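Notes to accompany the following structure.
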Amino acid sequence: MRTTVIGAGVIGLSCAYELAELGHTVTVIDAGAVGAAASAGNAGWITPFLSTPRAAPGAVRDAMRSFTSTEGPARMRPHPELGFADWITKFLRASTKERNRKSTAALQDFARGAHAHFDALLDRGVSFDQYTDGLAVVFKDKQNLRHYEQTVTTMRSLGYVGSVRVYRGEETRAFDPALHPDIAGALHLETERHVRPETLCQGLAKAIENNGGEVVEHDAVDRITERPVRQWSATTASGRTVVSDNIVVAAGFPTRTLLAPLGVKVPLEAAKGTSMTARGDGTAPSHPLKLYENMVACSPFGNAVRLSGTFDIGNRDYTVNHKRLDMVVRQGLSYLADWRPTNLEVEWVGHRPTSADDLPIIGPVPGHTGLYVATGHGTLGVTLGPVTGALAAREIARGETQPELEPFRLTRF
Ligand SMILES: Cc1cc2nc3c(=O)[nH]c(=O)nc-3n(C[C@H](O)[C@H](O)[C@H](O)COP(=O)(O)OP(=O)(O)OC[C@H]3O[C@@H](n4cnc5c(N)ncnc54)[C@H](O)[C@@H]3O)c2cc1C
């Protein structure tokens, strides 16, 4: 069987790798370079604990506030397209207490095996940089820490099994000496992990090629066409036409525009984020840190540190907004004692493909045999990439419906 995968982000690559493992002849086509959209410069956390949807009570209030906010981590830029109004309406409907609890439970079930799927990749020879120091949520305000501790109880009730340790006051600096003396405490999720996401994407691309697949870069798919006798073709900007039995559309946020000409509506919006990666002077963190009050992520990668953040809904712009990036860096550094960036490696923007209930969209596209969609992973594409690839490949290659994917079907919209 031949399968074309559109999109060489972490989701498309994970699907393509697993399909190649199951014997499919795979062609991955990307408009840019492997991983270079949302999958390269992100924080790289593999975090079942933080696998919760953004569609939550308070989302309405936060969205309204964000119109006027300049310093907040989340902002909304209403888009004049009709699709945006539809997305926001659905998002607000998904933000009730009851819907949020259901969505959180679905995500927790899905994310529970995330670490095992990364182990399975390593066992099969996929090469990438993975760190197993856990992940710490760090607080400037002790009330916030106390309040957040209740989240552990909630996650436990949903089946979270990882070990969690709380540090308060002075002991927090003993835990990670990079932290500022004023930090009130930290909650260490001891069993979480992180990867350098660029290496994950490159490792998957290499493994696809080692399995006989092809990865085509810098050639955007302009058109997907359903052909007679259950075949599909993808036609690219350079004039290439790839014919296959199946097509997986994992094109991140542009998935919606790619599928629209087939009459398929995918309620997705871009949530723009940004990051800066640098080597520096001073004591670098030894754990990835979620800097709670400012929602900034800090990820140490060997000699380099990455600070990332912002969640700008509806912002489809691809340029680095230095005002927003400077804010992320300034806020991030305020949690650290003396580490300061000296040698900049990269400044980056990426758009989280965010569905109207902030749950992934994975499964066959109804009415189009052989067409499959895998997107909408929002803030969790790295965490959920390998599990998505493994389960999607079983559905596509073996025709075995995976019950774990039921909450994530396109038909729910
Ligand atoms: C600041 C930030 C921090 C984050 N941190 C984390 C984290 O710590 N942990 C975590 O789990 N997740 C994190 N995420 C989320 C994660 O980055 C995304 O969920 C994930 O990268 C989405 O992957 P994707 O493959 O769906 O999309 P993308 O990476 O965007 O890949 C889609 C690909 O499709 C290609 N494409 C689009 N249109 C076409 C076309 N017409 N033809 C061909 N190719 C096309 C694009 O070029 C792109 O390469 C973070 C995101 C941001 C922005």
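Quick caveat, the model's predicted, so the values are computed rather than measured. Counting convention: from 1, in listed order, for ligands and their atoms alike.
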*At a 4.0 Å threshold, what atoms of ligand 1 neighbour a non-hydrogen atom of G252?*
27 (O), 32 (C)
*Specify the protein heavy atom at minimum distance from atom 13 (C) of ligand 1: its residue, its atom name, and the distance to 0.1 Å.*
T379 O, 3.2 Å
*Would you tell me which option among S275, A251, C15 has the nearest heavy-atom contact to atom 36 (N) of ligand 1?*
A251
*Do the charged groups of D245 and R2 touch, with an N to O distance under 4.0 Å?*
yes
*Using a strict 4.0 Å cut-off to heavy atoms of I11, name the atoms of ligand 1 that fall inside it.*
23 (O), 24 (P), 25 (O), 26 (O)
*Do side-chain atoms of S244 reach the backbone of I247 as a donor and acceptor pair under 3.5 angstrom?*
no
*Looking only at non-hydrogen atoms, find the nearest pair between W339 and A278 and report the distance.*
CZ2-O, 3.7 Å
*State which residues pass side-chain hydrogen bond (donor to acceptor under 3.5 Å, both in side chains) with D133; sequence neighbours excluded, sorted by chain then number.*
none
*Examine H194 together with F301 and report whether their ring centres are nearer than 6.0 Å.*
yes
*Does some non-hydrogen atom of F311 fall short of 4.0 Å from ligand 1?*
no
*asked:* I'd like to know whether NZ of K102 has more than 12 heavy-atom contacts from other residues, nucleotides or ligands below 6.0 angstrom.
replied: no
_Are the side chains of D357 and R412 in contact, using a 4.5 Å heavy-atom criterion?_
yes
*Considering only protein heavy atoms, which is closest to atom 40 (C) of ligand 1, and at what distance to one decimal place?*
V221 N, 3.7 Å
*Answer yes when R394 and E404 have at least one side-chain N-carboxylate O distance shorter than 4.0 Å, and no when they do not.*
no
_For W348, the ligand 1 atoms whose distance to one of its heavy atoms is below 4.0 Å_ = 1 (C), 53 (C)
_At under 4.0 Å between heavy atoms, is it the side chain or the backbone of I6 that contacts ligand 1, or both, or neither?_
side chain
*Is the Lys NZ or Arg CZ of R316 less than 6.0 Å from the centre of F253's six-membered ring, within 45° of the axis?*
no
*Residue-ligand contact A250/ligand 1, heavy atom below 4.0 Å*: yes
*Answer yes when R196 and E345 have at least one side-chain N-carboxylate O distance shorter than 4.0 Å, and no when they do not.*
yes
*asked:* Can you tell me which portion of P254 lies within the under-4.0 Å heavy-atom range of ligand 1? Options are side chain, backbone, both, or neither.
replied: side chain
*Ligand-side contact atoms (ligand 1) for residue partner G350, heavy atom cut-off under 4.0 Å*: 53 (C)
*Considering only heavy atoms of T383, which atoms of ligand 1 have at least one such atom less than 4.0 Å away?*
10 (C), 11 (O)
Extract all donor-acceptor atom pairs below 3.5 Å that involve side chains of residues 326-333 and protein atoms in other chains or at least two apart in sequence.
{"residue": "R330", "atom": "NH1", "partner": "E71", "partner atom": "OE1", "Å": "3.3"}

*Counting heavy atoms only, name the option from L135, D30, I29 that's nearest to atom 47 (O) of ligand 1.*
D30
*Which atoms of ligand 1 have any heavy atom of G381 under 4.0 Å away?*
10 (C), 11 (O), 12 (N), 15 (C), 16 (C), 18 (C), 19 (O), 20 (C)
*Counting each atom of ligand 1 from 1 as listed, which ones have a heavy atom of A37 under 4.0 Å away?*
30 (O), 48 (C), 49 (O)
*Which part of A374 is near ligand 1, with near meaning a heavy atom under 4.0 Å away: side chain, backbone, both or neither?*
neither
_Tell me the contacting part of A31 for ligand 1: side chain, backbone, both, or neither, using a 4.0 Å heavy-atom threshold, strictly below._
both
*Number the atoms of ligand 1 from 1 as they appear, then name those within less than 4.0 Å of a heavy atom of G378, with their elements.*
15 (C), 16 (C), 18 (C), 19 (O)
